[in-house]
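All values below come from the heavy atoms of this structure, side chains included, with hydrogens, waters and symmetry mates left out.
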Amino acid sequence: MELLKNYINGQWVAASGSEVLDILNPAVNEVLGRVPLSTVEDVDRAALAAQTAFHSWRRTPAVERVQYLFELKNILEVEFEEISRIITLENGKTLGEAKGEMRRAIENVEVACGIPAMMQSEFSEDIASGIDEYMIRQPVGVAAIIAPFNFPGMIPFWFLPYALATGNSVLVKPSERCPLTMKKIFELLDELQLPPGVVNLVNGGPVAVNAILDHPLVRAVSFVGSTPVARHIYSRSAANGKRVQAQGGAKNPLVVLPDADMDMTTRIVADSAFGNAGQRCLAASTVIVVGDARNTFPEAIAEAAAQRVVGFGLDDGINMGPVISPQSKTRIQGLIEQGIADGASLLLDGRQAQVSAYPNGNFLRPTILKDLPLQSEVTRTEIFGPVLSLIQADTLDQAIEIVNQGQYGNMACLFTESGAAARRFRYDVQAGNVGINIGVAAPMAFFPFSGWKDSFFGTLHGQSRHSVEFYTQTKVVIERWHREWSRTF
Ligand code: NAD
């Protein structure tokens, strides 16, 4: 059974510690490989390599740096199927979902290829007589990326292409639950023949993460994961004087007005709630059904949800794979039971899913809890599984109030045919990503992946121009020269 290595200074090297974890295929719970839990020394080695490489990488012109990204895009296209297959194997999502994820990853490489223009500076002539002032952007140094399990291919790419293109060296710490995708990506990065140390991969868990947060050479930390860990990352990085962007968990509300196109809405909401087995930070978690929508929406969404075919994501015709682990499955079943105990009724019960060909998988089926009381703990808890709760409201105002009571602010969506209602919603709702007749409001690579409240700690988000700002520090120069050109040669 393969034990993964770290990739440091252009070499595959064994981690120094002895602790390892099994990497499991969640559809069968068979071991795919083993991942080392790297130590403080491993992180130190990677940070030193990255810092050494940074000196010459930042001097490489941006137009030359992006040539590596053009090449990376080509290699990712060639290896698209294989990377997607690895994502399905270690994460459980369907092959179609894995391909969607990798498409989003590649789009970020494409956008970062525009860094020579995106990094351009500002220049003001004659801010005082004969004096000019300008601002240039310089890379910050070693940038660390700490990723979650649910998008093992895409999420590191919210950061990596921009960090590299702006002239930083990079250290990636993937999720210890799904590290095989980044192993494959780093094999491809290795083919690019980047200068040694420009990209580094350190496998591991909290020990490696904390070593990154404490390492004096790491200047920027990009994190995506659950809210308690995001909070920890934000405060510990800040205490150590680093810039940090930490994207956290979510509990996304969708509001359905009675004038919505119910067929379209039902289809979109079902995909949002049950796609990726509900393990998306932009998954619909709660639908607030307004007014007479109560007469049509609950039955329609239950029917759409019941049709989803659950199974191993590499098989044809599968709409939903397993959740990541047996522990996760048990936790989700427990939350469904708690919702029922708190007064919800079960419109659709997916707790006991058996997929005959894969009896050991972590399968659940779509579950819908109706009339979940607002005061129930389940209303506030991120379930991160294929569970949708329905809540009733009388008016749009009341629905917006319920949305804004939530601690998270990753996404909020409205389904309506009314432009006035849509405007009101996007204006007042407290969420960073808003969908109007959209169920997964995932920003394209040229927009920031926003997030508010407990879904984000920091100022600058991933993707887009935000990344350029995050990975560069501004330097302002005020310059005076003799006013008259008098010298003769
Ligand atoms: P997680 O927080 O358990 O792990 C994320 C990373 O943090 C991993 O690399 C892990 O090794 C590390 N980590 C875990 N515990 C740690 C600790 N105590 N100290 C230091 N490091 C630690 O998250 P997950 O379960 O892998 O991913 C799911 C979560 O990520 C969900 O909450 C989901 O909403 C969130 N997520 C958010 C976004 C977003 O854009 N806001 C996107 C995807 C996922």
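Checked by atom type and distance alone, the side chain of Q333 pairs as donor or acceptor with a backbone atom of R351 at under 3.5 Å. In this structure, the side chain of Q463 engages the main chain of F447 through a donor-acceptor pair within 3.5 Å. A distance-only check finds no donor-acceptor pair linking the side chain of S272 to the backbone of I268 [under 3.5 Å].
Remark: D42 does not engage K5 in a salt bridge, criterion side-chain N to carboxylate O under 4.0 Å. Checked for salt-bridge contact, R103 and E77 meet the test: a charged N lies under 4.0 Å from a carboxylate O. With salt bridges taken as basic N to acidic carboxylate O contacts below 4.0 Å, none links E90 and K184. Comment: E101 does not engage R104 in a salt bridge, judged by the lack of any side-chain N to carboxylate O separation of less than 4.0 angstrom.
When the shell of 6.0 Å around CD of E479 is examined, it contains more than 12 heavy atoms from other residues, nucleotides or ligands. Other residues, nucleotides and ligands place more than 12 heavy atoms under 6.0 Å from the CD atom of Q67. The number of heavy-atom neighbours closer than 6.0 Å to CZ of R45, taken from other residues, nucleotides and ligands shown, is 12 or below. Within 6.0 Å of the CD atom in Q138, the count of heavy atoms belonging to other residues, nucleotides or ligands exceeds 12. Within a 6.0 Å radius of CD in E187, other residues, nucleotides and ligands contribute more than 12 heavy atoms.
Taking the centre and axis of the six-membered ring of F223, the NZ or CZ atom of K173 falls outside the cone set by 45° and 6.0 Å.
Of the listed residues (L21, V20, N203), just one forms a side chain to side chain contact (heavy atoms under 4.5 Å, CB included) with L37, and that residue is L21. Across F449, F456, F470, a single residue satisfies ring-ring contact (aromatic ring centres under 6.0 Å, His included) together with H461, and that is F456. Of the candidates I8, V172, V142, I8 is the only one forming a side chain to side chain contact (heavy atoms under 4.5 Å, CB included) with N200.
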I75 and L192: CA distance, side-chain angles, deciding distance, side chain to side chain contact (heavy atoms under 4.5 Å, CB included) verdict
CA-CA 9 Å; I75 300 184; L192 296 183; 3.5 Å; yes

Using the side chain to side chain contact (heavy atoms under 4.5 Å, CB included) rule, take N210 and H232 through it: C-alpha gap first, then chi angles, then the decisive distance, then the call.
CA-CA 10 Å; N210 289 335; H232 165 71; 2.8 Å; yes

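With a 4.5 Å cut-off on side-chain heavy atoms, L3 and P36 count as touching. With contacts defined as side-chain heavy-atom distances shorter than 4.5 Å, the pair V199/Y68 does not qualify. Contact of the R465 side chain with the M118 side chain is registered, since non-hydrogen atoms from C-beta on lie closer than 4.5 Å. Between R137 and E469, some side-chain heavy-atom pair lies under the 4.5 Å cut-off. Under the 4.5 Å side-chain criterion, counting only non-hydrogen atoms from C-beta, N433 is in contact with N410. In this structure, the side chains of Y471 and I115 stay at 4.5 Å or more apart for every pair of heavy atoms. You'll find the side chain of F151 reaches within 4.5 Å of the side chain of N276, heavy atoms only. The shortest side-chain heavy-atom distance between V224 and F159 falls under the 4.5 Å cut-off.
Ring geometry for F384 versus F149: interplanar angle over 60°, hence perpendicular rather than tilted (30 to 60°). Relative ring orientation between W12 and F186 is described as perpendicular, the plane-to-plane angle rising above 60° on a 0-90° scale split at 30° and 60°.
For the residue pair S38/N6, the side-chain donor-acceptor check at 3.5 Å is satisfied. Side-chain contact of T472 with T166: a donor-acceptor pair under 3.5 Å is absent, judged by distance alone. A side-chain donor-acceptor contact under 3.5 Å links Y358 and D315. Residues N150 and Q279 bring no donor and acceptor atom of their side chains to less than 3.5 Å of each other.
Between K251 and T286 the shortest heavy-atom distance is CE-OG1, 3.9 Å. The nearest pair of heavy atoms linking A98 to T88 is CB-OG1, 3.6 Å. Residues G10 and D190 approach most closely at O-OD1, 4.0 Å, considering heavy atoms. The heavy-atom pair separating P366 from A305 by the smallest distance is CG-O, 3.4 Å. Annotation for V111 and A445: closest pair CG2-CB, 3.7 Å, computed over non-hydrogen atoms. The minimum heavy-atom distance between N168 and V140, with the atom names listed, is OD1-N, 2.7 Å.
With sequence neighbours excluded, no residue forms a ring-ring contact (aromatic ring centres under 6.0 Å, His included) with F80.
In this structure, the separation between NZ on K99 and CD1 on I106 is 12.0 Å, given to the nearest 0.5 Å. Once rounded to the nearest 0.5 Å, the distance linking CD of Q51 with CG of L171 reads 12.0 Å.
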